[in-house]
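Whatever order the structure lists them in is the order used to number ligands and atoms, beginning at 1. Keep in mind that this is a model prediction, so the values were computed, not measured.
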Amino acid sequence: MTDLNTLESDVLAQVAGAADLQALDAVRVAAVGKTGSISGLLKTLGAMSPEERKDRGAAINALRDKVATAITERKAALETAELDARLASETLDLSLPAPHRRKGSVHPTMQTMDEVIAIFAEMGFAVAEGPDIEDDFHNFTALNFPEKHPAREMHDTFFFNTKETGERMLLRTHTSPVQVRTMVSQKPPIRIIAPGRTYRVDNDATHTPVFHQVEGLVIDKAIHMGHLKWTLETFLARFFETDAVTTQFRPHHFPFTEPSAEMDVQCDRSGGEIKIGQGTSWLEILGCGMVHPNVLRACGIDPDEYQGFAFGMGVDRLGMLKYGMPDLRDMWSSDVRWLSHYGFSAFAAPNPASGLS
Ligand code: PHE
């Protein structure tokens, strides 16, 4: 049995001496792997007499078990040591002073979005979301867009390649498909806003191919345009942090609302800067209207029982107006100087009670 004793102390010494998991695995393969030293000994049993095999077999198996246990224990020890070393090297001293007082900041569009959401949340609106990649039904058909409506054409909409099924997906051109998704899946009364990213083939000082909208939808019994006007005026006064705003509805056309209007807000442009809540100018600020009966029908709501209003506004544009940015394209130029000038502190979450901005 001396050969077994020698082998045992050899292998156990190697196990104890393995410096890392890789070295340990090499020791394992060399001892108990398919062609390992201990596995080789087990193969010699076949040529032995039954008595010899009994003793020798038991001894070899005991050795194999001992080695296996030693490997398992060594492995656990190496893993613990490795983790300890990693934890020690990745320690972060949170008490150290930050090298710069403020490195990152909240983008004005996101700040504006949070402000809009905070105001509507306080007015009892829930936030609804939907996918950026939409189908024709939700973006157009259910919203009462006629088959040949120009907004479906390539110059407005980013289309994907047509699928084998003939279906053609698109990047949503507005957040109105979220209205459809909400009406299809929820029973009235409905009171939601749909904030999100939207896409159109457009690029100039006041349009970017990617922009952000917030839409609102209210569906209930006996809802009329007075509710719409009050909701929007209340929102605008809070958003622009003035006591009251004066607004006007201008007749407009959207396929999904009837009647439809654009809302202008009274402002003063005299000093080169736009001041809301005073002055003699009007500024177009959003689109709105009473939800078209065809849209309600397409979403399974009976227009004789329910009606409602919807509105939609460009968040980037609202931010531009409130924070005085001259060109929308700067928003996406990733200029750090612009971001540190117009950015907001991440700790200043908008709250209508303590002030929004
Ligand atoms: N979806 C319209 C747009 O993107 C905005 C809108 C929404 C108008 C809801 C009326 C009602 O232009």
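You'll find the ring centres of Tyr323 and Phe344 inside the 6.0 Å limit.
Side-chain contact check for Glu215 versus Val178: every heavy-atom pair is 4.5 Å or farther apart.
Listed by chain and residue number, the protein contacts of ligand 1 are His174, Ser176, Gln179, Arg200, Gln213, Glu215, Phe254, Phe256, Thr257, Gly287, Cys288, Ala310, Phe311, Gly312 (heavy atom within 4.0 angstrom).
The other residues sharing a hydrophobic cluster with Leu92 are Leu94, where clustering joins ILVMFWY side chains under 4.5 Å apart. Cluster partners of Trp282 are absent, since no Ile, Leu, Val, Met, Phe, Trp or Tyr has side-chain heavy atoms less than 4.5 Å from it.
The two residues His174 and Phe256 come nearest to each other via the heavy atoms CE1-CE2, 3.8 Å.
Legend: side chain to side chain donor-acceptor pair (under 3.5 Å) pairs involving residues 16-29, not counting sequence neighbours, sorted by first then second residue: Asp25-Arg28.
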